[in-house]
Amino acid sequence: MIELKKTYSPEDIEDKWYVFWEQNGYFKPNPNATKAPFCIVIPPPNVTGSLHMGHALNATIQDILTRWKRMSGHKVLWLPGTDHAGIATQNVVERELSKEGIDRHKLGRETFIERVWKWKAEYGGKIIHQLKKIGASCDWSRERFTLDEGLSAAVREVFVRLFEEGLVYRDNRLINWCPRCHTALSDLEVEYEEIEGKLYSIKYPLTPPVRIEGGYITVATTRPETMLGDTAVAVHPEDERYKDIIGKNLDLPLTGRKIPVIADAAVDPAFGTGAVKVTPAHDFNDEAIGKRHKLKSISVISEDGRMSAEAGERYSGLDRYICRKKIVEDLRELDLLEGDKKYLHSVGHCYRCKTIIEPLLTIQWYVKIESLASEAVRAVQDKTIRLIPDSWENNYFAWMRDIKDWCISRQIWWGHQIPVWCCPDCKGEDGTPPQGEIIEHIFFEPVMLRAGIKATGGIYSELKKLGMSHEEIIRNSKIIRISKKVKPICQREELTECPKCGSKNIIRDPDVLDTWFSSALWPFSTLGWPQETEDLKTFYPTGVLVTGFDILFFWVARMIMMGLKVMKDAPFRDVYIHALVRDSKGHKMSKSKGNVIDPLVMIDKYGADAFRFTLAAFAAQGRDVRFSEDRVEGYRHFINKLWNAAKFIVNNEELWAKQPLHGHDKDLDLPGRWILSRLAFTAEEVNRNLGNYRFNDAANSIYQFVWHEFCDWYIEFTKPVLYHGSSEEKAAVINCLFFVLEKIIQLLHPFMPYVTEELWNTVFEQSKSIMISQYPVDLPKYPDAEEQMDYIISAITGIRSIRGELNIAPSLEMRAGIKTASKEVEDVMKNNLTAIMKLTRCKEINIGADIRKEKGSAVSVRDKMEIYIPIEGLLDIKSEVERLQKEKSKIDDSIATLNKKLLNEDFLKNAPRVVVEKEKAKFDDFVHKKEKIEENIKLLKTVSSKQ
RNA sequence: GGGCGAUUAGCUCAGUGGGAGAGCGCUUCCUUCACACGGAAGAGGUCGCAGGUUCAAUCCCUGCAUCGCCUACCA
């Protein structure tokens with residue numbers, strides 16, 4: 001005896017089934033699967049993360065695909081994991097420490113990292129748990145972490161290979177620096193934001209003899225503090241105002257230095273005064289100008305955002321913004337400040353902590369990107385990799401063309417430490433000892449300031465001179481960068497002594513790699529590379545990558561580059577780029593805006609199934625999703641509908657043959673064959689749409705089928721049989737009901753795993769899971785049944801609509817007549833008369849007979865039939881006449897337009913014959929309808945005059 | 001500045017070179033034995049504006065407007 005609860009309550013069953021699936025190993029690749037392997041690697045969420053809408057959409061789509069592929073017979077692996085998220089995680093733990101009043105430097109590197117691991121063990125599993133809540137069918141036995149041993153080995157291997165090929169190198173150049181995180185950032189990690197600042201105009205006096213009016217040049221800047229590092233003023237070479245003074249010197253205020261006026265075409269003479277201060281050490285454009293003119297770079301700001309020793313005694317050690325104020329004051333006092341005005345400009349911020357970034361001159365590691373990028377472009381061009389929707393291709397190409405070398409070193413502790421060492425005790429190739437050169441730059445400000453040491457170059461030796469030991473310097477240094485002049489030793493294994501001279505003083509480069517470096521290896525490192533594992537052979541390249549466009553460049557492009565470079569094959573065939581989930585007003589959801597909808601709250605409220613179905617239905621290609629809770633509620637109703645349909649079907653369990661349906665098709669009545677045909681059509685559509693990543697279309701076609709075809713029509717058609725039919729008739733219908741229900745829940749399973757599993761287990765199989773059943777495919781169709789049912793449905797709809805429009809009480813049984821254009825249609829009607837009568841509450845229906853002759857009747861024209869209903873005494877005649885007249889005038893308009901069209905010779909000559917025929921038929925139809933309406937009006941008027 | 005996308009029913013959004021769609025909301029009727037988280041019948045749109053191509057444009061092209069996103073620059 002099958003028993004279903006009165007209503008479906010997700011909270012009672014979701015966790016139970018999840019555990020059941022996992023314990024039975026259904027998430028693991030099925031070794032007996034016959035079809036090709038299919039693998040998805042999850043975009044690893046940050047360990048610090050908690051599930052947001054983006055993750056939910058992302059995971060739902062992947063789960064739909066994996067469940068579908070699994071049921072379709074593929075060997076499926078969905079490989080999960082998390083990302084160590086260097087800066088983000090370090091920030092989280094640092095914040096925690098600061099509550100205890102501890103600075104990470106006090107703890108020291110090793111202790112700090114231990115602390116982060118501890119944090120990870122405690123809180124890092126949160127997002128995994130949340131993914132399980134929404135039903136993600138990941139193989140958790142293969143879960144990876146970007147910092148685990150295997151992945152770290154992969155990172156070292158790739159780094160060393162690229163190093164050996166000369167594709168990673170060090171350089172001293174301007175980079176984006178976050179003074180709060182104390183690290184370099186890649187261009188992508190900088191977010192630009194419009195803010196209101198001030199534009200200051202500063203006078204730079206011309207060194208006498210004066211050759212220009214007023215004796216000075218005015219330059220404009222939003223960052224006056226950088227003027228301390230100016231090494232030139234640039235003007236456009238053809239600017240008449242300044243032609244005479246190019247090559248002359250200016251007195252740089254507040255510094256006592258003299259700087260030249262140079263000519264450079266990059267200067268826009270129309271902007272401001274047409275003269276630009278040039279600060280090669282703190283501005284990207286100025287750096288370029290500086291290179292062209294071989295200017296010196298003077299770094300006046302140091303890594304923590306304070307002014308460096310180079311800024312001069314008066315300013316060094318000041319915070320950059322305090323210094324800005326002070327400089328403005330000082331300039332004003334010297335009468336060198338011409339003015340200031342409010343100014344809106346965009347300023348780079350750190351994407352992790354929102355601090356304003358500072359361009360700084362530092363030594364960093366880079367990946368030479370050009371050759372990698374061109375391979376990655378080719379892979380997309382020749383369709384080795386498909387971007388879906390393909391509108392992203394242009395974006396991708398544009399970005400890849402302009403790509404700059406990738407800065408991969410970060411001055412933090414949490415991450416993959418760069419596998420590079422150097423030895424301070426070895427002699428250089430020319431025989432001179434590298435001592436004093438080995439460490440080019442130490443961030444060691446208090447000591448430096450006290451000792452009056454300049455911020456760049458030779459600090460190590462300066463500190464040594466002060467009597468500090470090697471160990472002391474290393475220990476107390478916040479940031480060390482090994483000099484470019486020293487040849488690094490790059491290798492896969494840990495180094496404890498110098499391989500050349502055996503010295504134990506060996507120093508490892510303290511920098512770690514950009515988090516995205518390890519993410520870039522994710523599709524193969526997770527499968528076991530660099531080892532030749534079975535998984536790697538089976539699942540690489542993976543099938544599809546599902547991701548949002550926000551990390552297309554951060555991650556996808558880099559995976560493509562690394563995959564092609566290291567594996568000699570693209571990491572995936574398809575990249576499905578889904579929408580960004582926004583709030584109902586179209587804004588990005590963010591904590592600071594307070595417009596975040598928590599997926600877990602949605603799951604609690606509506607169940608994971610309804611929530612997932614909503615996301616799928618929203619996931620139209622190429623557009624952002626504006627999430628609205630109403631939709632979730634709507635789909636929860638859908639689940640309820642499904643549940644109740646199942647309940648209805650289960651009520652008839654006794655006569656269920658529990659046999660496969662096929663082979664017995666001929667026993668089925670017309671509605672039965674019709675619903676099977678519709679089912680076949682739906683299954684075909686769902687399979688096709690899933691194959692094309694059209695999740696919304698797939699979801700909608702099942703929805704439409706279940707509710708508006710299966711429930712609204714088929715179940716209603718079965719009722720007369722179930723209540724009054726013979727036991728053979730009943731058995732056939734019941735078998736069909738169970739069969740269709742089974743296929744429905746299978747079709748729905750990828751979208752709604754929980755409720756379908758619950759139904760499957762209670763109704764169909766007791767032990768096995770729906771997860772491992774066969775997804776519906778290639779079901780038989782019955783086109784004739786579909787055609788015939790269309791007539792019946794339109795007859796029923798026609799009668800109902802007259803009923804509704806004429807306000808005939810539902811309880812009132814009535815008579816109707818149906819006249820059709822063909823004998824076949826009439827036969828179909830006659831064969832299904834009982835059902836039609838039941839569904840329309842007619843006590844008598846005459847097929848083919850014209851009952852107008854007996855009494856006045858309302859007439860409705862539908863498709864190929866006319867429907868008559870005696871109207872005497874049934875309606876409000878006056879308003880009905882009004883309505884009909886309105887409708888008539890509408891039809892008159894349509895007839896006029898069509899008539900014009902059909903008299904148009906060009907149309908008749910050029911339009912396809914089918915179209916012309918269609919239009920003609922439409923015209924006839926309208927004329928016919930008009931006649932009937934006129935008849936009705938006449939009739940009503942006669943009736944009303946009698947009353 | 002460059003690029004991309006959007007503009008369709010009250011709201012959220014699908015869609016197509018030849019009949020304007022869905023969900024929610026709304027109106028009317030129905031507590032009929034799966035389901036009121038329901039059923040039936042309806043109302044509601046010059047498919048942003050202006051041109052062009054075509055026998056035919058909501059769809060293709062051009063321009064404009066509004067909104068959004070990406071990207072570069074902003075001395």
Side-chain angles (χ1 to χ4, degrees), chain A residues 4 6-8 192 194 199-201 219-223 226 233-234 266-268 271-279 283-286 289 343-347 391-392 394-395 398-399 402 549-550 552-553 580 582 584 586-588 610 614 617-618 620-631 633-652 694 696-697 700 703-704 708 711-712 715-716 719 723 796-797 800-811 839-841 901 904-912 914-916 918-919 921-922 925:
Chain A
L4 290 177
K6 186 145 194 239
T7 47
Y8 172 68
Y192 287 88
E194 288 263 298
L199 186 66
Y200 300 91
S201 301
V219 297
T221 181
T222 52
R223 298 189 298 156
T226 61
V233 165
V267 177
D268 175 8
F271 188 94
T273 57
V276 189
K277 65 194 269 308
V278 181
T279 325
D283 183 281
F284 289 99
N285 286 327
D286 294 2
I289 295 177
Y343 188 68
L344 201 66
H345 61 146
S346 73
V347 175
S391 53
W392 284 104
N394 282 338
N395 260 327
W399 189 75
D402 287 346
F549 64 81
D550 48 334
L552 187 60
F553 304 132
L580 215 61
R582 299 173 182 280
S584 57
H587 296 123
K588 217 168 170 169
T614 310
F618 261 126
Q621 279 182 12
R623 215 209 270 213
D624 288 347
V625 168
R626 291 193 194 190
F627 191 85
S628 83
E629 203 174 321
D630 290 347
R631 287 283 286 267
E633 200 175 337
Y635 290 121
R636 187 188 58 186
H637 295 176
F638 174 57
I639 294 173
N640 188 251
K641 187 80 181 170
L642 175 71
W643 187 261
N644 280 299
K647 246 169 53 189
F648 172 79
I649 293 166
V650 160
N651 277 339
N652 300 291
R694 303 191 65 97
N696 59 328
D697 290 337
N700 285 334
Y703 182 94
Q704 177 68 26
H708 300 302
C711 291
D712 285 353
I715 289 188
E716 294 308 319
K719 283 177 182 173
Y723 298 150
I796 293 169
T797 313
R800 280 172 176 173
S801 92
I802 295 175
R803 208 183 183 58
E805 282 162 17
L806 303 196
N807 278 329
I808 302 170
S811 53
L839 296 181
T840 53
R841 290 187 149 255
K901 201 170 180 182
N904 185 332
E905 277 177 32
D906 287 332
F907 171 71
L908 295 173
K909 214 165 65 188
N910 297 321
V914 195
V915 173
V916 177
K918 252 190 184 172
E919 297 293 291
K922 226 159 78 184
D925 198 42

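Residue numbers begin at 1 in each chain, while the letters A, B, ... track the order of the sequences. The figures that follow rest on heavy atoms only: side chains count, while hydrogens, waters and symmetry mates do not.
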Any side-chain N or O of [X] below 4.0 angstrom from OP1/OP2 of [N]?
X        : N     : result
A:Thr7   : B:C35 : no
A:Arg694 : B:G15 : yes
A:His637 : B:C35 : no
A:Asn644 : B:A34 : no

- Okay, side chain of A:Asn652, backbone of A:Phe648: is any donor-acceptor separation there less than 3.5 Å? yes
Quickly work out the [X] [atom1] to [N] [atom2] distance and round it to whole Å.
X        : N     : atom1 : atom2 : answer
A:Phe284 : B:U71 : CZ    : C1'   : 16 Å
A:His708 : B:G38 : NE2   : C1'   : 12 Å
A:Asn640 : B:G38 : CG    : C1'   : 9 Å
A:Asn910 : B:A56 : CG    : C1'   : 10 Å
A:Arg631 : B:A22 : CZ    : C1'   : 8 Å
A:Ile715 : B:U32 : CD1   : P     : 18 Å
A:Gln704 : B:G23 : CD    : P     : 7 Å
A:Asp697 : B:G15 : CG    : P     : 7 Å

Distance, [atom1] atom - from [M] to [N], rounded to whole angstrom:
N     : M     : atom1 : answer
B:A43 : B:U28 : P     : 15 Å
B:A41 : B:A57 : P     : 34 Å
B:G3  : B:A72 : C1'   : 10 Å
B:A34 : B:C24 : P     : 22 Å
B:G48 : B:A14 : P     : 14 Å
B:G63 : B:C69 : P     : 24 Å
B:G2  : B:G18 : C1'   : 39 Å
B:G44 : B:A20 : P     : 15 Å

Would you classify [X] as touching base, sugar-phosphate or nothing, given that sugar-phosphate means primed atoms plus P, OP1 and OP2, and contacts are heavy atoms under 4.0 Å?
X        : result
A:Leu199 : sugar-phosphate
A:Tyr723 : sugar-phosphate
A:Val278 : nothing

- Hey, can you tell me if A:Tyr703 and A:Phe638 have their rings parallel, tilted or perpendicular (30° and 60° cut-offs)? tilted
Let me confirm one number: the [atom1]-[atom2] distance from [X] to [Y], rounded to the nearest 0.5 Å.
X        : Y        : atom1 : atom2 : answer
A:Thr840 : A:Ile796 : OG1   : CD1   : 6.5 Å
A:Thr797 : A:Leu839 : OG1   : CG    : 10.0 Å
A:His637 : A:Lys641 : NE2   : NZ    : 12.0 Å
A:Lys277 : A:Ile289 : NZ    : CD1   : 11.0 Å
A:Asn644 : A:Leu4   : CG    : CG    : 9.5 Å
A:Lys647 : A:Thr7   : NZ    : OG1   : 7.5 Å

- Message: Quick one, A:Thr279 with A:Arg223, criterion side chain to side chain contact (heavy atoms under 4.5 Å, CB included). Give me CA distance, side-chain angles, the key distance, then yes/no.
- Response: CA-CA 11 Å; A:Thr279 325; A:Arg223 298 189 298 156; over 6 Å; no
- Message: Judged by each residue's nearest nucleotide on RNA chain B, which is more toward the 5′ side, A:Lys647 or A:Asp906?
- Response: A:Lys647
- Item | Earlier contact from the 5' end, RNA chain B, for A:Ala645 and A:Ser801 | A:Ala645
Of the nucleotides [options], which has the atom closest to the [X] side chain?
X        : options             : value
A:Phe618 : B:U12, B:G23, B:C35 : B:U12
A:Asp712 : B:A34, B:A40, B:G38 : B:A40
A:Thr797 : B:A41, B:C35, B:C55 : B:A41
A:Asn696 : B:A34, B:A14, B:C55 : B:A14
A:Arg800 : B:A40, B:C24, B:C35 : B:A40
A:Phe907 : B:C37, B:C55, B:A34 : B:C55
A:Tyr703 : B:G23, B:C55, B:G42 : B:G23

- Scanning both residues in full, the closest heavy-atom pair of A:Ala610 with A:Ile639 reads N-CD1, 3.4 Å
- Note on the structure: Here RNA chain B, pairs taken as Watson-Crick or G-U under 3.5 Å and shown with ( ), [ ] when crossing and | when to another strand, reads (((((((..((((....[..)))).(((((.......))))).....(((((..]....))))))))))))....
Give a yes or no on whether a donor-acceptor pair under 3.5 Å exists between the nucleobase atoms of [N], that is its base, and the side chain of [X].
X        : N     : value
A:Lys909 : B:C55 : no
A:Glu716 : B:A40 : no
A:Lys6   : B:A34 : no

